[in-house]
Amino acid sequence: MHDLPKQYDHKAAQARCRALWDAERSWHAEPPAPGDTRPVFSIVIPPPNVTGALHLGHALNNTLQDVLVRTRRMQGHLTLWMPGTDHAGIATQAVVERRLLEEEKLSRHDLGREKLVERIWAWKEQYEKRILGQLRDLGASCDWDRTRFTLDDQCAAAVREAFFRLFQKGLVRRGKRLVNWDTFLQTAVSDDEVFHEQVKGHFWHIRYDVIDPEPGEPASVTVATTRPETLLGDTAVAIHPDPAAALDAAERTLREKREQANAKEHAEIDRALDDLAQRRTALLPLLETLAAMARAGRKVRLPLLGRAIPLVADEWAKPEMGSGCVKITPAHDPNDYDVGRRQALPMVNILNPDGTLNAEAGPYAGLTIQKARTKVVADLDSAGQLVQVEDRIIELAHSDRSKTPIEPYLADQWFIRMDEIAQPALDAVTGGAVRIFPERYAKSYLDWLGEKRDWPVSRQLWWGHRIPIWHVDGVSAAELSTAFAGRGGVEWTCDGGSGWHVCSRDESLGVDAVGGKPLVRDPDVLDTWFSSALWPHSTLGWPAATPELASFYPTTTLVTSRDIITLWVARMVIMGLFDTGKIPFRDVAIHPKILDRYGETMSKSKGNGVDPLDVIDALGADALRFGMASMATETQDVRMPVEFQCPNCAARIEQTTQNRMLPRIECPKCKQAFRTQWATKPEDIALPRGPALSERFEAGRNFSNKLWNATRFVLMNLEGFTAGELTPDATAPEAIPLEDRWLMSRLATVTAEASRAIDEYRFAEAARVLYAFAWDEYCSAYLELCKARLADPAARPRAQAMLLLGLDTILRLLHPIMPFVTEEIWQHFRTIAGHRRTPWDASGLPASIMVAAWPAPPAGWVDARTETQFGTFLAVVGAIREIRSRQNVPPRTNVKVAIRAPADTAALLLPMHGSIASMAVAEITAAGPTATGAPGAATAGAAGCDVFVDLADLIDVGAEIARLAKENEKTAAFIQAKQAKLADEKFAAKAPPQVVQKEREQLAELEAKLAKGRETLAALERRAAP
RNA sequence: GGGCAGCUAGCUCAGUUGGUUAGAGCGCUACGUUCACACCGUAGAGGUCACAGGUUCGAAUCCUGUGCUGCCCACCA
């Protein structure tokens, strides 16, 4: 007798399984040997950032990948799952810098580039280890021998080669780009690290005087700004070259819009049209004059500084807005920068990196932006140049890292030109070479890529792939040719002046100087997404022609979250095609984002997150995975209510916006306190920690336990089991018991459904189908039925074999979602049922379920008729139970039952009488078309049968009468509705005949039901009235 | 400003091409532990499918509009 504890111990099982898998190394994949014709399935992990530990989003992402990988592995594919981590440029540098400041009060400048990078590597080592450990805890069956890092030597070689090829083809350009400058941290921050906050601001209208106005010319122009201090960097005032035409165009646009607008929007558009008309009369002549002045090269005087700056004619100035004139600050605004380029204007940078104004600001030099603004406004006012001040709410950009306002300024950057290389990536999706699931996400991919905007790839950071470009000034092309003669892999372009940009395929150029002039390495690093874009081919060895690249590239599927479709997915397609000529993956499976109960994204800083390890610890990795798979629907978000679990009494406390930031929480049940992630004070840290969990993982934990106990039952009843072959159809079909035929049919159907759901990335569907089958059908129905058969020596062997076949199949189908509990059970099977063999096992069973054959029940097992019959049986059992329940019959009191059913149904139920008796604690006294219960028996309908339960003195007649009367009323109401429907001529005429027929049949059934109900009611009433 | 989603039971979500009386898990109510499992069993209550129109014999499902929620992109002199 195989003795198992009553509860599944996930902790012990997980440790055992991981040890087993690591010993077997079935997760490792080698390129196929000659003659190996297995299909290949490969997948590269979206590399988690080494910034910190994994969160629930990673748990979801990796669960889904593992489901795919494990499924394909069992299905006989040659399977590779490439693991690794991402250096995550700015984010990682930021966390290390922050710690440096907090713990040692040092800035990165105190440490220097080399030392800081060393520190970041140390951080990376620590977190990479932690992340990979977490992935293993989750059960991810990655090829751990191949772990890569986006900044390791292999990836670095790929990055340099890719960048060099781009440079060689003229796809790398130098240009200006507005960077988000954090003046507090003195660093550029990415757009993702900028948040906008509405603040009260002003809109200042400032007068710029025209220098020596001629008769008929205005004496001044007025411009407006929310950032008056930037006027110190102004180098022009722009006016539209043809204001009349611009107004016409604006009007046309509005009229077109009006045609498509609804009534409510009309009013708004009409107002705008009125405004345009007014401008035509009030403003147009002036604007025409100004345009002419711009053409004539007239200038205006910059207030405060007195600099003469030109009026320029540029289409950026919109006559329909404001005064029609706009100040141009090329160094501090991206649009103004474009104007500056077009008009060949000087670019005046007025800022120091620390956010103070520099010498260009003249008397304002040294002031902070805020102080300069106040002073500029005051000075303008006293100089009489300030026309008007409006209050206005403005969206002010702030740095997420320092919480200080962002100062935009233009800096030189490297760009990848997208005009050519984006097109193949667009074609890949429109042409169906790359398929995106769910399909709707293809739109955002195509829209974004369709703009073909150049990709700014340089970052003013120290942590990352250093750009392989060197600068040299004042040498000739001939000198460069001589210096690099005989060296392949070096290319150069002129920087537009006297300097050159030299790009090398290698880390070293081989020479330090050209013509006596030093080569200076570009200080910037590449955008972290550059190395990520190469991930599918760089991890497989590109640019080397490795067997891995030949066998596993293009990869099969990419699994990722919807928020990086553009940042990452699109760029992988671009770079994959550019570097290898092949798409990087065939399918892209997009999964939802996990939000908290309020619909907010989870983050550590909000305190609303869940640590996957807490879930694994408290409920098990399988519970986490089952929950994740269940959540992976086709919607774009899922909500997950979070609860703290009191470590003292295990009570659950809802996590709210109020309590989620508290360092300690007092349990309302046991009144004891516990600490949270926010605990910092010693007295808080001393408290036991209350993990944050979610009830959404409990179903998975319970399910594990259910499977465990089903196993206990089967193993307990396996004594004397000898037949190894689990071939249920070896006997003549008619000799197979109904429930076995049913189980065979269900196994075939469920296998097909679950397999298809996984193929189509409908993970939640796969989880739901398997859960319902295992719990409601296998455990609640089949296993219960077998209890009687196991007691019968004649029926026992077959029941044992079938129970085993069913459980074995369920385990295999569930293994990709719940690898630990299924493996643990598989191991327990070895001692007592290790010699079993299913029809889909070509040879003996493997030692681990991880490489067991995926079930393949013959299509011939599917039998719709049997499933219907079995359904009738279950309905009869349900009807008896319902009567028992509503009459409060004690559980072990036997009841007498009559079943009125058509002859064929009664015949089919005949062999099931024993099962009905055992499952419903009933004795069947009669079954057939005329069977009926004792007068006043309680009744219930079930799948075309009527079940009479003779309750003798047990029955509560009054309650039964009331219930039946209510039910009859309900039935009558349905009949009425159906009759009305059928009486409707239009319905009869237009609905398909089979629908009409169905309605008729239903009506007949309902009428029969009502007749019987009334009859029974009358009998009960007779009995009630003595 | 443009786009994409979502709104179904107290909560979190399913609902495949329009067709019986709209489902699941959790929670809730009642009953029940010798007989795999209380992380369990049996039964039950609970929904005007956001709202308003429309198409149709028939709408949670298709169309139009409205409201609310979330996200992505762009822009804001």
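Just the heavy atoms: all of them, side chains too, but no hydrogens, waters or symmetry mates, feed the values below.
- Salt-bridge formation is not detected for the pair A/E753/A/R756: no Lys NZ or Arg NE/NH1/NH2 atom is positioned less than 4.0 Å from an Asp or Glu carboxylate oxygen.
- B/rG3 and B/rG65 have their P atoms separated by 11 Å, with the value rounded to a whole Å.
- Among B/rG25, B/rC37, B/rA36, the nucleotide with an atom closest to any side-chain atom of A/K6 is B/rC37.
- Here the separation of B/rU16 from B/rG53, taken at their C1' atoms, is 28 Å to the nearest Å.
- Between the C1' atoms of B/rG27 and B/rA45, the separation comes to 13 Å (whole Å).
- Nucleotide B/rA30 has B/rU42 as its partner under the Watson-Crick or G-U criteria, with both atom distances under 3.5 Å.
- Below the 3.5 angstrom threshold, one finds no donor paired with an acceptor across the side chain of A/R712 and the base of B/rC37.
- Remark: B/rC11 base-pairs with B/rG25; criterion is Watson-Crick or G-U wobble with both hydrogen-bond distances under 3.5 Å.
- Taking the side chain as every heavy atom from C-beta outward, A/L785 and A/M919 approach each other to under 4.5 Å.
- In this structure, A/H828 has its ring center under 6.0 Å from that of A/W708.
- Ranked by how close their nearest RNA chain B nucleotide is to the 5' end, A/A699 and A/E784 are led by A/A699.
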Strictly under 3.5 Å: I want the nitrogen or oxygen pairs between protein and nucleotides 6-9 of chain B, one per line.
none

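- Remark: B/rC4 base-pairs with B/rG70. Criterion, Watson-Crick or G-U wobble with two distances under 3.5 Å.
- Nearer to the 5' terminus of RNA chain B, by closest-nucleotide assignment, is the contact made by A/G878 (compared with the other of A/G324 and A/G878).
- Rounded to whole Å, the P atom of B/rG46 lies 34 Å from the corresponding atom of B/rU55.
- Under the Watson-Crick and G-U wobble criteria, each requiring two contacts below 3.5 Å, nucleotide B/rG65 is paired to B/rC51.
- Look at A/N335 and you'll find a side-chain N or O under 4.0 angstrom from OP1 or OP2 of B/rC76.
- Annotation: B/rU29 and B/rA9 have their C1' atoms spaced 15 Å apart (nearest Å).
- Looking at the side chain of A/M716, the nearest of the listed nucleotides B/rC39, B/rC13, B/rA36 is B/rA36.
- For A/K443 against B/rC4, a side-chain-to-base donor-acceptor contact under 3.5 Å is absent.
- With B/rG41, B/rU42, B/rC26 as the candidates, the nucleotide lying closest to the side chain of A/R881 is B/rU42.
- Residue-level contact check: A/A317 touches the bases, meaning some heavy atom is under 4.0 Å from a base atom.
- Across B/rA43, B/rU12, B/rA14, the shortest atom-to-atom separation from the side chain of A/T633 is found for B/rA14.
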